[in-house]
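All values below come from the heavy atoms of this structure, side chains included, with hydrogens, waters and symmetry mates left out. One-based numbering along the sequence shown.
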Amino acid sequence: MSEHNAPSATQEYIGATQERISAITKENTKSESLTALLVEAIVSGEIVSGGKISEPELARRYEVSRGPLREAIMRLEGLGLIERIPHVGARVITLSPEKLVELYAVREALEGMAARLAAKNINKEELHGLEQLLATHSQHIDEVEGASYFHQYGDFDFHYRVILASRNKQLINLLCGELYHLLRMYRYQAPKNQSRSNQALEEHKFILHAIRNRDEELAELAMRRHIAGSRKLIEQQILKD
């Protein structure tokens with residue numbers, strides 16, 4: 001290569017920088033994908049509640065290096081799914097009945113507010129989507145004879161869609177971020193005798209009715225009562241124990 005065609009120091013620097021950025025991007029992508037896999041493993045109970053997090057074991061299981069794994073574990077800590085205990089290390093969170101009562105009390109207030117705002121801000125497309133969603137949920141409950149409701153996630157979750165329709169970014173960040181997977185974890189792993197599928201579906205329909213009619217006060221009240229019903233089941237379990 002002639003001196004004229006040789007890359008300049010600036011070009012070499014730009015090339016090296018682009019390579020570093022590409023490597024970092026790939027690592028971040030790996031970490032994000034791994035985070036999603038670990039979230040589902042914890043929510044479903046595949047990685048058991050209270051279980052110790054072993055980096056070597058997880059690195060072998062998911063065939064990843066320690067870098068993306070540690071980044072993913074930090075994200076799980078941010079989601080409240082993993083906690084670090086002095087002299088013990090990182091463990092999967094244990095959702096005690098007492099913690100759940102506190103969580104549902106917060107959820108009752110915040111989701112009530114979200115339902116009120118959804119009644120004000122929801123559009124026709126979102127309303128239609130919620131109607132179709134509840135029709136799908138109803139069909140599922142009929143097929144399993146009321147034995148369970150969906151292990152709903154994202155767009156398949158009635159509550160998730162109502163929260164998004166609130167248009168309030170702070171509520172969305174709190175309820176779809178910090179609290180969301182903890183609630184999914186409880187829903188997924190809760191004893192079957194705490195299921196109230198048909199009643200929950202009818203309550204969802206009533207909340208949607210209030211939202212569709214732009215009745216902000218009723219939407220908030222209906223959502224709060226709906227979540228309070230789940231909280232009371234947890235409180236009853238505490239009394240039994």
Could you tell me which non-hydrogen atom of Leu175 sits nearest to which non-hydrogen atom of Ala114, and how far apart they are? CD1-CB, 4.5 Å
Shared ILVMFWY cluster between Leu221 and Val162, side chains joined below 4.5 angstrom? no
Pairwise distance CG(Leu37) to CD1(Ile42) - rounded to 0.5 angstrom: 11.5 Å
Return the orientation label for the His159 and His226 ring planes: parallel under 30°, perpendicular over 60°, tilted otherwise. parallel
With rounding to the nearest 0.5 Å, note down the distance linking NE2 in His209 to CG in Leu134. 13.5 Å
Enumerate the side-chain hydrogen bond (donor to acceptor under 3.5 Å, both in side chains) contacts for residues 83-103, please, sequence neighbours excluded, ordered by first and then second residue. Glu77-Arg84
Do Val64 and Leu76 share a hydrophobic cluster, counting only Ile, Leu, Val, Met, Phe, Trp and Tyr and linking them when any side-chain heavy atoms are less than 4.5 Å apart? yes
Leu100 CG to Ser230 OG distance, which is reported to the nearest 0.5 Å: 10.5 Å
In short, Val48 meets Val92 closest at the heavy-atom pair O-CB, 3.5 Å
Mind listing the closest non-hydrogen atom pair of Val101 and Arg231 along with its distance? O-CD, 4.1 Å
Please find the pair of heavy atoms, one from Ile141 and one from Ser197, that lie closest to each other, and give the distance. CD1-O, 3.7 Å
Does Arg225 CZ have over 12 foreign heavy atoms under 6.0 Å away? no
Inter-residue atom distance Leu171.CG - Leu164.CG, 0.5 Å rounding: 11.0 Å
How far apart are the closest heavy atoms of His137 and Leu201, and which atoms are they? CB-CD1, 4.1 Å
Sole residue of Leu103, Asp157, Val43 in side-chain contact (heavy atoms from CB on, under 4.5 Å) with Leu183: Leu103
Atom CG in Leu127, atom CG in Leu208: separation rounded to 0.5 Å? 6.5 Å
If hydrophobic clusters are built by linking Ile, Leu, Val, Met, Phe, Trp and Tyr wherever their side-chain heavy atoms come under 4.5 Å apart, do Val106 and Ile163 end up in the same one? yes
Is Glu202 paired with Lys205 through a side-chain N to carboxylate O contact shorter than 4.0 Å? yes
I want to check something: taking the side chain as every heavy atom from C-beta on, are Glu71 and Arg75 in contact at a cut-off of under 4.5 Å? yes
pair Glu32-Pro68: side-chain heavy atoms closer than 4.5 Å: no
State, yes or no, whether a side-chain contact exists between Leu133 and Phe158 at a heavy-atom distance under 4.5 Å. yes
Do Ile122 and Arg161 come close enough that some side-chain heavy atom pair is under 4.5 Å? no
Phe206 atom CZ, neighbour heavy-atom count above 12 within 6.0 Å: no
Donor-acceptor contact present, side-chain Ser166 to main-chain Ala115, <3.5 Å: no
Is there side-chain contact between Arg184 and Glu40, with heavy atoms separated by less than 4.5 Å? yes
Taking atom CD of Glu111 and atom OH of Tyr104, what is their separation to the nearest 0.5 Å? 9.0 Å
Going by heavy atoms in the side chains, are Ile47 and Leu58 under 4.5 Å from each other? yes
Can you name the closest pair of heavy atoms from Glu108 and Arg224 and give their distance? O-CG, 3.4 Å
Arg167 and Asn123: CA distance, side-chain angles, deciding distance, side-chain contact (heavy atoms from CB on, under 4.5 Å) verdict: CA-CA 11 Å; Arg167 303 286 191 275; Asn123 61 39; 3.3 Å; yes
Do Leu81 and Leu182 make a side-chain contact, defined as non-hydrogen atoms from C-beta onward lying under 4.5 Å apart? yes
Would a distance-only check, ignoring hydrogens and angles, find a side-chain to backbone donor-acceptor pair under 3.5 Å from Thr136 to Gln132? yes
Is there a path of hydrophobic side-chain contacts, each under 4.5 Å between heavy atoms, that joins Ile207 and Leu218? no
